[in-house]
Amino acid sequence: MKVGNDGANDKRPIETLSGGENVESLPLTAREQRFDIRIARDGTWFHEGDPIRRIELVKLFATVLRRDEAGDFWLVTPVERGRIVVEDTPFVAVEMAVSGSGDEQALSFRTNLDEWVECGPDHPIRVIHNPENGEPTPYILIRNGLEARILRPVYYEMVDRADTRGHDGEAEVGVWSKKVFFALGRLPGE
């Protein structure tokens, strides 16, 4: 008599997920699969090549989205776990709200799935500069290794609120949120 599904007795090592949890902590009945799900750079979710049009379904999938230490993305439920393809980040920051000013200000970001996160020590901003053209791409940590790419218009709003600090003949440009300075880039010294 067979009990459970085909993955129930799978003894292969399982990847660790960001945030300290690991796929191994899943119930033994969770089967590993490769789902035909892709998240495009603009935040659109696709299944079998077609966009998922029901936002409620995308939000549900997002609640079970995980990222392992190798950078792979997984949808993890009690009965299944499957890799998915993410072109850049699973979320896109589409709006920014500001309260306070100076180093006392707090920046909050809304994702394309209507999730708000307040930038600070637990939700830092990082900026990657393209080595070919120097163009910045900013990100904010949403949860458990999952980030949102901050859209260009939102980034420009941040730059409008930026402060400058001097370091070794260069000026560092960045924003304050929850008493933490997040560097956006450097300006060459004169």
TODO: Measure the spacing between CZ of Arg66 and CG of Asp72 and express it to the nearest 0.5 Å.
DONE: 15.0 Å
Task: Leu141 to Asp122 - nearest heavy-atom pair and separation - done: CD2-O, 3.7 Å
Open item on the list: Could you see if Leu57 belongs to whatever hydrophobic cluster contains Phe91? Use Ile, Leu, Val, Met, Phe, Trp, Tyr and a side-chain cutoff under 4.5 Å.
Closed with: yes
Open item on the list: To the closest 0.5 Å, what do you measure between CD1 (Ile142) and CG (Leu65)?
Closed with: 11.5 Å
- [ ] Using the rule that two of Ile, Leu, Val, Met, Phe, Trp, Tyr join whenever any of their side-chain heavy atoms come within less than 4.5 Å, decide whether Val64 and Trp45 are in one cluster.
- [x] yes
Task: Check: Ile55 and Leu113 side chains under 4.5 Å, non-hydrogen atoms - done: yes
Task: Sidechain-backbone polar pair: Asn130 side chain, Glu135 backbone, donor-acceptor under 3.5 Å - done: no
Task: NZ/NE/NH1/NH2 to OD/OE distance under 4.0 Å, Arg110 and Glu115 - done: no
TODO: Kindly compute the distance separating OH (Tyr139) from CZ (Arg149), expressed to the nearest 0.5 Å.
DONE: 7.0 Å
Task: Nearest atoms (heavy-atom pairs only) where Asp114 meets Lys59 - done: OD2-NZ, 3.6 Å
Task: Flag side-chain contact, heavy atom, 4.5 Å: Phe73 against Leu146 - done: yes
Task: Close side-chain approach of Met96 and Arg161, heavy atoms under 4.5 Å - done: yes
Task: Linked, directly or transitively: Val159 and Ile140 (ILVMFWY side chains, under 4.5 Å) - done: yes
Task: Under 3.5 Å: donor-acceptor pair, side chain of His129, backbone of Pro136 - done: no
Task: Interatomic distance, Thr44 atom OG1 to Asp50 atom CG [nearest 0.5 angstrom] - done: 12.5 Å
Task: Within one Ile-Leu-Val-Met-Phe-Trp-Tyr cluster: Ile125 and Val98, side-chain cutoff 4.5 Å - done: yes
TODO: Please tell me if the side chains of Phe181 and Asp163 come closer than 4.5 Å, counting only heavy atoms from C-beta onward.
DONE: yes
TODO: Examine Val58 and Val86 and state if one hydrophobic cluster contains both, with Ile, Leu, Val, Met, Phe, Trp and Tyr joined whenever side-chain heavy atoms are less than 4.5 Å apart.
DONE: yes
Task: Close side-chain approach of Glu118 and His123, heavy atoms under 4.5 Å - done: no
Open item on the list: Are the side chains of Phe182 and Met158 in contact, using a 4.5 Å heavy-atom criterion?
Closed with: no
Open item on the list: Is it the case that the side chain of Gln105 and the backbone of Trp176 share a donor-acceptor pair, with hydrogens and angles ignored and the cut-off at 3.5 Å?
Closed with: yes
- [ ] May I ask you to test the Glu80-Phe35 pair for a side-chain heavy-atom distance under 4.5 Å?
- [x] yes
- [ ] Heavy atoms only: give me the nearest Gly43-Asn112 pair and the separation to one decimal.
- [x] O-ND2, 3.3 Å
TODO: Compare all side-chain heavy atoms of Thr111 with those of Val92 and state whether any distance is below 4.5 angstrom.
DONE: no
- [ ] Taking all heavy atoms of Leu107 and all of Ser177, pick out the closest pair and write down the distance.
- [x] N-OG, 2.9 Å
- [ ] Locate the shortest heavy-atom distance separating Ile37 from Ile84; write the atom from each residue and the value.
- [x] O-CB, 3.4 Å
- [ ] Determine the minimum heavy-atom distance between Arg41 and Thr137, stating which atoms define it.
- [x] NH2-CG2, 4.5 Å
